[in-house]
Amino acid sequence: MTMGNFFGKALRGMGRFVEPLRLRREERWPAAVALVVIVALNALMVAKYYDLFVGRTHGGYWQLFIGKFHVSGYDPMIYLVMSVWQAFFNSFRHPLLLWMLYPAALINGWLMEALGMNCAQFITAAALTVADFTSFVLLFRLLRRVVGVGRADTSLLCALFFGFAYVMVAMVVPDHFAFSMCLLLLVLYVAGRRLRGRRPMPGWLSAALFVLTAGLTLSNGVKVFLAQWLVNGRRFFAWRNLLCAVAVPAALMLCVSFSVGGIPRHTTDAELAESNRMLAEKGMPTHVNREGEPMGETGFLNWTDVSTSRWDVAVENLFGESLQLHRDHLLGDIWIDRPVLVRYRWAANYVVEALLVLFFAVGVWCGRRDRFLWLVMSWFAFDMLLSMVLGFGISEIYIFAPHWLFAMPLAMGYLFKSVAGRRLVALRCAMLCLAVWLWAYNGSLFVGFLLGG
């Protein structure tokens, strides 16, 4: 092989790697608008806590971040890990998160020594901006290249999605949800493109995606298995695939989970009371035990909930708070001062919620024969099994919304494909009104919250 041929092949290989990173012409203006909004919201989050957090460069981080950061039920764990590289979170549920944050923690350590200021907020905002922007591009491409929605309607559905309350909030809080959403959209895009191209998902690719998604949030690894199953069909159950793509990576995650944190233990009432006393002595907000009755008192059964009303949760939280913020107890934490159920002041909120759920359901019906939608809805069903059936995290189910909310615009995409003429015009008008309402309503409340004291 001549030197010219060698470099030619190398350049073509690099081109195949770089090509997916390039914005297509139709993506540039929507992506530019999205980037401006993403940067602005992250800047507001940094500004809200700048005076409190940037000056601390040694010790007392737990009391500082946990005591002062309060945005719904989200935790400032990324700020903590970047300031002190320790597992301040449940390492069984997030087995590789500590290692994923190591480079950022290392950089922040250097910056604290060089500048005399804690740059955790800035590094987190930069990482979130990349994840949020990537999520926008992936959703745009899923709607265009996998679902097959028109360019204008794709932009409209993306605007609707990023106007959802807990997409908007998750984009800027120092928790793992924005990164998890980005990785899940990546898995959907890879699986969707292979479905459309009638190509199987090889075991090595499935294993790599599993390590990424399960390493960040263990339960989301199941969604990678579902993706490979829907793409490969019966070949998924071949023994070599079950060994290499399922058993080995799953065993790896479990070993890492046990080695780092072991089996998580539920906090007892006595421990909760002691924690409240210590928090009160330090002038910090105390927790309020708002959990329902669990299925059992041991192990993971203690995380379940069989007593909380599913209907009320569905109306006020699952399809309520996830999509539209409540004015009362705005972004409050149920462990401090927010009731599990909060009612909207305006009937208009319930009308908007009903329309969004209706369009979602009709979209599912329109795409019921499409294998890609089966994949999307299998993920949605898995999340609903955990939260609405077993009751895991049901008391604050809306903070987990970034794991499944993308199912709504993707399903609605099939509705757009199924209508034409005046019906399509009416649908566009209705969806535009909903998007404007969400951005005006959620945006004003959230920005007001960020600008507040």
Side-chain angles (χ1 to χ4, degrees), residues 34 37-38 40-45 47-49 69-76 128 132 135 157-175 177-178 181 285 288 290 308 311-357 359-360 383 387 393-409 431-453:
V37 174
I38 290 167
L41 289 176
N42 275 283
L44 288 174
M45 177 59 74
K48 181 176 178 64
Y49 293 100
F69 182 90
H70 297 290
V71 181
S72 190
Y74 292 113
D75 297 317
L128 285 169
D132 298 339
S135 295
L157 287 170
C158 286
L160 181 82
F161 175 71
F162 283 91
F164 290 161
Y166 275 73
V167 174
M168 191 180 297
V169 175
M171 288 197 302
V172 299
V173 292
D175 212 324
F177 289 94
M181 181 175 71
V288 177
R290 299 184 184 277
T308 301
W311 173 256
D312 288 336
V313 166
V315 172
E316 302 297 346
N317 291 343
L318 179 67
F319 292 113
E321 178 79 358
S322 298
L323 303 177
Q324 301 175 90
L325 297 171
H326 287 84
R327 287 181 175 272
D328 296 322
H329 302 282
L330 177 64
L331 292 169
D333 190 341
I334 66 162
W335 304 110
I336 299 174
D337 58 359
R338 183 192 191 277
V340 172
L341 298 173
V342 180
R343 310 293 179 184
Y344 288 109
R345 298 181 187 178
W346 302 339
N349 293 107
Y350 293 105
V351 173
V352 169
E353 178 181 346
L355 287 173
L356 288 169
V357 173
F359 286 140
F360 177 34
D383 285 321
S387 297
I394 194 172
S395 56
E396 49 182 357
I397 192 172
Y398 40 82
I399 72 170
F400 303 100
H403 288 162
W404 61 267
L405 270 178
F406 46 76
M408 297 187 73
M431 206 64 70
L432 178 61
C433 290
L434 288 171
V436 170
W437 166 269
L438 289 173
W439 275 101
Y441 178 81
N442 291 328
S444 62
L445 290 176
F446 189 40
V447 170
F449 173 84
L450 294 176
L451 293 175

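Since this is a predicted model, take the numbers as computed values, not measurements.
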Name the orientation class of the two ring planes belonging to Phe406 and Phe161 (parallel below 30°, tilted from 30 to 60°, perpendicular beyond 60°). tilted
Output for pair (Asp132 CG, Met168 CE), nearest 0.5 Å, gives 11.5 Å
Rounding to 0.5 Å, atoms CD1 (Ile397) and CD (Glu316) come to a distance of 13.0 Å
When the ring planes of Tyr350 and Tyr344 are compared, do they come out parallel, tilted or perpendicular, using 30° and 60° as the limits? perpendicular
Which heavy atom of Pro174 sits nearest a heavy atom of Pro76, and at what distance? CG-CA, 3.6 Å
Audit row: Asp312, Arg343, side-chain contact (heavy atoms from CB on, under 4.5 Å) steps and yes/no: CA-CA 10 Å; Asp312 288 336; Arg343 310 293 179 184; 3.9 Å; yes
Mutual orientation of the aromatic rings belonging to Phe177 and Tyr74 [parallel < 30°, tilted 30-60°, perpendicular > 60°]: perpendicular
Taking all atoms of both residues into account, what is the closest heavy-atom pair of Ala178 and Ala170, and its distance? CB-O, 3.4 Å
To the nearest 0.5 Å, tell me how far Asn42 CG sits from Met45 CE. 8.0 Å
Compare every heavy atom of Ala407 with every heavy atom of Phe360, then report the nearest pair and how far apart it is. CE1-O, 3.6 Å
Which atom pairs, one a donor and one an acceptor, fall under 3.5 Å between side chains of residues 432-448 and the rest of the protein, sequence neighbours left out?
residue: Trp437; atom: NE1; partner: Gln324; partner atom: OE1; Å: 2.9
residue: Trp439; atom: NE1; partner: Ala159; partner atom: O; Å: 2.8
residue: Tyr441; atom: OH; partner: Leu325; partner atom: O; Å: 2.7
residue: Asn442; atom: OD1; partner: Leu325; partner atom: N; Å: 3.0
residue: Asn442; atom: ND2; partner: Gly163; partner atom: O; Å: 2.9
residue: Asn442; atom: ND2; partner: Leu323; partner atom: O; Å: 2.8
residue: Ser444; atom: OG; partner: Ala440; partner atom: O; Å: 2.7
residue: Ser444; atom: OG; partner: Tyr441; partner atom: O; Å: 2.9

What's the separation between atom NE2 in His70 and atom CZ in Phe449, rounded to the nearest 0.5 Å? 9.5 Å
Can a donor-acceptor pair be found, under 3.5 Å and without considering hydrogens, that links the side chain of Glu396 to the backbone of Asp333? no
Please report the interatomic distance OH(Tyr398) to OG(Ser72), rounded to the nearest 0.5 Å. 4.5 Å
Looking only at non-hydrogen atoms, find the nearest pair between Leu450 and Leu41 and report the distance. CD1-O, 4.2 Å
Sub-3.5 Å donor-acceptor pair from the side chain of Asp337 to the main-chain atoms of Gly332, do we have one? no
Approximate separation, where rounding is to 0.5 Å, of Leu356 CG and Met431 CE: 7.5 Å
Is the side chain of Ser322 donor-acceptor paired with the backbone N or O of Ile399 at a distance under 3.5 Å, no angle test? no
Which atoms form the tightest heavy-atom contact between Pro339 and Val342, and what is the distance? O-CG2, 3.9 Å
What closest approach, in Å, do Val173 and Leu128 show between heavy atoms, and which atom pair accounts for it? O-CD1, 3.5 Å
Test side-chain contact (heavy atoms from CB on, under 4.5 Å) on Tyr166 and Leu331 and set out the steps. CA-CA 10 Å; Tyr166 275 73; Leu331 292 169; 3.6 Å; yes
